[in-house]
J.: 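My questions all concern the structure below.
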Number of protein chains: 2
Amino acid sequence: MTARTSGSAPAGPGRRDTRQRRLLRDQLSRQEAFVSAQQMYDDLRASGDRVGLATVYRTLQAMTEAGELDVLRSDDGEVLYRQCGPQHHHHLVCRACGVTVEVDGPAVERWATTAAAEHGFTEVTHVVELFGLCATCSRPS
Amino acid sequence: MTARTSGSAPAGPGRRDTRQRRLLRDQLSRQEAFVSAQQMYDDLRASGDRVGLATVYRTLQAMTEAGELDVLRSDDGEVLYRQCGPQHHHHLVCRACGVTVEVDGPAVERWATTAAAEHGFTEVTHVVELFGLCATCSRPS
DNA sequence: CTATTGTTGAGAACGATTCTCGTTACAAGG
DNA sequence: CCTTGTAACGAGAATCGTTCTCAACAATAG
Ligand SMILES: [Zn+2]
Ligand SMILES: [Zn+2]
Ligand SMILES: [Zn+2]
Ligand SMILES: [Zn+2]
């Protein structure tokens, strides 16, 4: 007999606790900066832990869909991930070191909503990110 | 004799008037929506004009560096181009058909500047785009 | 413990973009 | 016009991030 009989947790995909997922979660919670899948893969492997590249990609995507990670795209097209706070916010990212500050902008939210409405657009989302050099990376050599 | 003798226009790269560039410029000025290099390539070829894919990429990049085009990245990572007005503005883009409205947001500009300054960031740029469904694409079947 | 089935990972496949390099064709000169 | 120097082209190979395939593995419920 295989069928789920009743009342317990819906035993679908994405809920097993594996060594690989633990490693990725841990590394993400230690990360201040936005990082790419490739970077996570290299970092893990550098610290002696073996995790398949495909698994890194899969897990990061899954965590993103589960709302546990924020995503953004670097200038050269790489997808970057970061564990952020739960409330809606935007990012101030250092172009040099990746360090990120979460910022909120009520004014921006309002503007986005009204601007979209004025033009008859529906189901509107917004992408709002700031890029610059953090205080540390701003300093001369 | 080859050398530029004097006072005329600096005859560097990027200034020859070729059939390919005319075609691309024309198509862009007729386009209301953001489009990818691949799309431009397909469209040209569909109307019987032959332009190499590499040329499409090169020309779009060159025009962008020359400030003649705006760029943004679609959700799935493709780079999209559009001929826009010269002043600083942001975009309200239809996810379905690509139709784009240029919008400005003084409030956003101010917010970006102050938020970055508050955290000691320098050389700050911002990415602010709105995505949704335009009035036409919002209508049911 | 055993069966079930979600997970993993090596490597192939993909798709957008970039590079190579021999050929073509602007556009100044003469 | 015709000659030249060289910017621009373009077909195909090469990159590179990401996704797919599928056989081997390992969490878990019973
Ligand atoms: Zn965040
Ligand atoms: Zn920094
Ligand atoms: Zn624009
Ligand atoms: Zn539309």
Side-chain angles (χ1 to χ4, degrees), chain A residues 1-25 27 34-45 48-66 69 71-81 98, chain B residues 1-25 27 34-45 48-66 69 71-81 98:
Chain A
M1 169 60 115
T2 298
R4 259 156 273 109
T5 38
S6 68
S8 55
R15 54 203 78 236
R16 281 191 189 170
D17 184 32
T18 68
R19 175 181 65 85
Q20 293 83 337
R21 288 177 189 177
R22 272 191 300 275
L23 284 169
L24 283 166
R25 267 200 304 276
Q27 188 166 331
F34 268 93
V35 292
S36 69
Q38 307 271 356
Q39 276 173 65
M40 298 234 76
Y41 175 74
D42 292 343
D43 291 355
L44 283 175
R45 145 164 309 224
D49 303 306
R50 284 301 146 97
V51 176
L53 184 56
T55 301
V56 175
Y57 274 99
R58 272 188 302 240
T59 305
L60 291 175
Q61 277 173 204
M63 292 180 73
T64 300
E65 276 162 31
L69 298 181
V71 192
L72 64 78
R73 230 173 243 279
S74 74
D75 273 341
D76 50 305
E78 259 186 325
V79 178
L80 307 178
Y81 300 88
Chain B
M1 172 54 121
T2 300
R4 263 156 271 111
T5 38
S6 67
S8 54
R15 53 202 78 237
R16 280 192 189 172
D17 184 32
T18 68
R19 176 181 64 85
Q20 292 83 338
R21 289 177 187 175
R22 272 190 299 275
L23 284 168
L24 284 166
R25 267 201 303 278
Q27 189 167 330
F34 268 93
V35 291
S36 70
Q38 305 272 357
Q39 276 172 64
M40 298 233 74
Y41 176 73
D42 292 343
D43 291 354
L44 283 175
R45 148 165 305 227
D49 302 306
R50 284 300 146 98
V51 176
L53 183 56
T55 299
V56 175
Y57 275 98
R58 272 190 302 240
T59 304
L60 291 175
Q61 278 173 205
M63 291 180 74
T64 300
E65 277 161 31
L69 298 181
V71 191
L72 63 78
R73 233 174 240 278
S74 73
D75 273 342
D76 51 305
E78 260 186 324
V79 178
L80 307 180
Y81 301 88

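We name chains A, B, ... by the order of the sequence lines, and we start the count at 1 in each one.
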J.: Let me know the distance between CD of B:Gln61 and C1' of C:dA16, rounded to the nearest Å.
T.: 12 Å
J.: Take B:Asp76 and B:Arg22, find for each the nucleotide of DNA chain C with the closest heavy atom, and name the residue whose nucleotide sits nearer the 5' end.
T.: B:Asp76
J.: Between D:dT18, D:dC20, D:dG10, spot the one nearest the side chain of B:Ala54, thanks.
T.: D:dG10
J.: Side chain of A:Thr59: nearest nucleotide among C:dT8, C:dT20, C:dT7?
T.: C:dT8
J.: Please work out if A:Gln38 contacts a base, only the sugar-phosphate, or nothing of the nucleic acid, heavy-atom cut-off 4.0 Å.
T.: base
J.: Go through the N and O atoms of the side chain of B:Arg58 and the base of D:dG10, and report whether any donor-acceptor pair is under 3.5 Å.
T.: yes
J.: Is any side-chain N or O of B:Thr55 closer than 4.0 Å to OP1 or OP2 of D:dG10?
T.: yes
J.: Please state how far atom CE in A:Met63 lies from atom C1' in C:dT7, giving the value in whole angstrom units.
T.: 16 Å
J.: Quick one: A:Tyr57 OH to C:dC14 P, roughly how many Å, whole number?
T.: 18 Å
J.: What's the CZ-C1' distance between A:Arg15 and C:dT4, to the nearest Å?
T.: 16 Å
J.: Determine, for B:Arg25 against B:Asp17, whether the closest basic-nitrogen to carboxylate-oxygen distance falls under 4.0 angstrom.
T.: yes
J.: I need the CZ-P distance between A:Arg16 and C:dT4, as an integer number of Å.
T.: 13 Å
J.: Between B:Arg21 and B:Arg15, which heavy-atom pair has the shortest distance, and what is it?
T.: NH1-N, 3.9 Å
J.: Can you check whether A:Ser36 has a side-chain N or O nearer than 4.0 Å to OP1 or OP2 of D:dG17?
T.: no
J.: Rounded off to whole Å, could you give me the CE-to-P distance for the A:Met40 and C:dG9 pair?
T.: 15 Å
J.: Output the distance between atom OG1 (B:Thr55) and atom CG (B:Leu23), rounded to the nearest 0.5 Å.
T.: 11.0 Å
J.: Please report, rounded to the nearest Å, how far the P atom of C:dA16 is from the OH atom of B:Tyr81.
T.: 13 Å
J.: Need one value for B:Gln39: base, sugar-phosphate or nothing, where a base atom within 4.0 Å counts as base even if backbone is also close, heavy atoms only.
T.: nothing
J.: Remember a base hit wins even if backbone is also touched, and classify A:Arg19 as base, sugar-phosphate or nothing at under 4.0 Å, heavy atoms.
T.: sugar-phosphate
J.: Below the 4.0 Å mark, does C:dG9 have OP1 or OP2 next to a side-chain nitrogen or oxygen of A:Gln20?
T.: yes
J.: To the nearest Å, how far apart are A:Leu53 CG and C:dA13 P?
T.: 17 Å
J.: Answer with base, sugar-phosphate or nothing: what part of the nucleic acid does A:Arg21 contact at a heavy-atom distance below 4.0 Å?
T.: sugar-phosphate
J.: Would you give the length of the straight line joining atom OH of A:Tyr57 to atom CD of A:Gln38, rounded to the nearest 0.5 angstrom?
T.: 3.5 Å
J.: For the residue pair A:Thr59 and A:Gln20, establish whether any side-chain heavy-atom pair is separated by less than 4.5 Å.
T.: no
